[in-house]
Amino acid sequence: MPTHAPQTTGPALLDLTDPQTFLDHDPHHMWRPYRTHHPVFWHPGRDGRPGFWVLSRYEDVMAAYRDNKRFTSEQGNVLATLLNGGDSASRKMLAVTDGPRHREIRNLMMKSFSPRVLEPVVTGVRERTRRLVARAVEQGDVDFVTDVADRIPIHTIGDLMGIPAADREQVVDWNAQTLSRYDADDSELESVLARNEIIHYISGLVAERRRNPGEDVLSTLAHAAVDGEPLSDEEIVLQSYSLILGGDESSRASAAGAVLAFTRHPDQWRRLSGGEVGLETAGEEVLRWTTPTMHFGRRALVDVTVRDRTIKAGEIVTLWNISANFDEHAFADPYAFDLARTPNKHVSFGHGPHFCLGAYLGRVHMKAMLEALRDMVADVELRGEPKRLFSNFGHGHSSMPVRLHARA
Ligand code: HEM
């Protein structure tokens, strides 16, 4: 098919740059026509912005994630920045760096993410999760997002980075306003200001760690050398900022998404609470089912042919996890929420050279939540309409009224 041939059916009508599209359509079902009829789809440009490619099949998404020689992240790795012409953090933040520098910095940061180093952080996650779930059970009616899910991962990252406990609420608020704006009424400007606030805040912490190093990831970055050179303040700030961005929202989204899934699939809840399925497999299925980041993006460096279409050098390519995770070619009965699903090679943490650095921690969060719910909760009851995030990137909720009934 010729490049950019106009397509007039199904997907052509949806605007994937507009967060409203994702509220108006059930994300699981909206992707089937893409996968079936237009697996390599050219999304036309709108309002003076360029068009972009949409990959929706598991196999194509995985291949693009793997290929950081022909598809670069350096000009942005989410649609919003790619469409704006680039990411100001390019080559200063892991997710938007490629090549040998990416490998070196990734290896450096991995030291702070090995299961051995994370042991005390993991203990903290489990304790915090149990405490919060116990309190929610005691209270009865709670908003699972704001009263429980919001309060866990930021403390984990806080522990990793040594953020003082008193400042953490503020960091959560700023973060909520950055990538996935919570409401259609929040302005783009607020999102930029919040990002600046976080960066300014971390700069202060870096200066302090240069003077008084500890064992946290900030101190590691502040005293490391890459290619024989120390990292600049700006780089350290941006690397740490990416941990807040990457670690907070996705973990929150998957925890709340788990609870919602249980209210809609009581049979699966019974399998978990009755001990019929293990935390490991259950956690993987919740991660697939919730797919906290709907897409990531790249820019083609050379012409690349995918199926019958040619992606030209310089064009933007988007990789839709939310579709790949429900691809009938990769998952048996993909629309079934099955806590015992094996194998379950979901793409929620990405794949290839940029595979999520915090995947281990993300899994720890998920298992801690499932364990706490299993041990303390008899039943989860939805008490009002959950409110979805307003975003074409983050897939989650800003509010979810529930009652957690205590286990006898
Ligand atoms: C990368 C998802 C938790 C830090 C990624 C990517 C995905 C992802 C899909 C790939 C991005 C790309 O290819 O452009 C998730 C999900 C999480 C989670 C679903 C939780 C359920 C975390 C946590 C942290 C973290 C807890 C850190 C504390 C990062 C970083 C990268 C990354 C630094 C960039 C890695 C690189 O470019 O080499 N994450 N993440 N993530 N994530 Fe996560």
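Every number for a ligand or one of its atoms is a count from 1 in the order of the listing. Start at 1 with the first residue, then count along the sequence.
- The residue S73 has no part lying near ligand 1, judged by heavy-atom distances below 4.0 Å.
- A donor-acceptor pair under 3.5 Å links the side-chain atoms of T123 to the main chain of E119, judged by distance alone.
- Note on ligand 1: A253 sits outside its first shell, no heavy atom being nearer than 4.0 Å.
- The R106 neighbourhood of ligand 1 comprises atoms 35 (C), 36 (C), 38 (O), with distances under 4.0 Å to a heavy atom of that residue.
- Close N/O approach between S254 and ligand 1 is not found [any backbone or side-chain N/O within under 3.5 Å].
- Among protein heavy atoms, atom 31 (C) of ligand 1 sits closest to L357 N, 4.0 Å.
- A ring-ring contact (aromatic ring centres under 6.0 Å, His included) with W31 holds for exactly one of F41, W320, Y58, Y335; it is W320.
- Between the side chain of T21 and the backbone N or O of D15, at least one donor-acceptor pair lies under 3.5 Å.
- Counting heavy atoms only, F113 comes closest to atom 28 (C) of ligand 1 of the residues Y65, F113, F71.
- F393 and F296 have their aromatic ring centers within a separation under 6.0 angstrom.
- Look at L287 and you'll find a heavy atom under 4.0 Å from some atom of ligand 1.
- Remark: minimum distance from atom 41 (N) of ligand 1 to any protein heavy atom is reached at C356 SG, 3.0 Å.
- The protein heavy atom nearest to atom 26 (C) of ligand 1 is G247 CA, 3.4 Å.
- Between W289 and F337, the ring planes are tilted. Angles from 30° to 60° get that label.
- Taking every heavy atom of A95 and a limit of under 4.0 angstrom, the matching atoms of ligand 1 come to 34 (C), 37 (O).
- Ligand 1 places these atoms under 4.0 Å from at least one heavy atom of P353: 38 (O).
- Near L94, the atoms of ligand 1 lying under 4.0 angstrom from a non-hydrogen atom of the residue are 35 (C), 36 (C), 37 (O), 38 (O).
- Not one N or O of H365 is nearer than 3.5 Å to an N or O of ligand 1, by distance alone.
- Close contacts between ligand 1 and S251 involve ligand atoms 20 (C) [criterion: under 4.0 Å to a heavy atom].
- Side chain of T290 to main chain of S254: no donor-acceptor pair is present (N/O by atom type, distance under 3.5 Å, no hydrogens or angles).
- Checking side-chain atoms of E285 against main-chain N and O of D338 turns up a donor-acceptor pair under 3.5 Å.
- A distance-only check finds a donor-acceptor pair linking the side chain of S90 to the backbone of E74 [under 3.5 Å].
- For the pair E381 (side chain) and V402 (backbone), a donor-acceptor distance under 3.5 Å is absent.
- Other residues, nucleotides and ligands place no more than 12 heavy atoms under 6.0 Å from the CG atom of D47.
- If you check which protein heavy atom lies closest to atom 2 (C) of ligand 1, you get S348 O, 3.4 Å.
- Here R298 has side-chain heavy atoms under 4.0 Å from ligand 1, and that is the only part of it that gets that close.
- Between H354 and ligand 1, at least one N/O pair is under 3.5 Å apart.
- For the residues G352, G246, P153, S112, the heavy atom positioned nearest atom 22 (C) of ligand 1 is part of G246.
- A donor-acceptor distance shorter than 3.5 angstrom exists from the side chain of D18 to the backbone of Q20, with no hydrogens or angles considered.
- Counting only distance, with no hydrogens or angles, the side chain of H223 and the backbone of S219 share a donor-acceptor pair below 3.5 Å.
- With a 4.0 Å cut-off on non-hydrogen atoms, N77 touches ligand 1 through its side chain and not its backbone.
- For ligand 1, the atoms sitting less than 4.0 Å from at least one non-hydrogen atom of T293 are 9 (C), numbered in the order shown with element in parentheses.
- In this structure, a donor-acceptor pair under 3.5 Å is present between the side chains of D327 and H329.
- Residue contacts with ligand 1 for F296 involve side-chain atoms from C-beta outward but no N, CA, C or O (heavy atoms, distance under 4.0 Å).
- Inclusion of H102 in the set of residues having an N or O under 3.5 Å from an N or O of ligand 1 is warranted.
- Summarising the contacts of atom 16 (C) of ligand 1 with G350, A255, S250, the nearest heavy atom is found in S250.
- Scanning the protein heavy atoms around atom 4 (C) of ligand 1, the nearest turns out to be G358 N, 3.9 Å.
- With ring centers used as reference points, Y65 lies 6.0 Å or more from F71.
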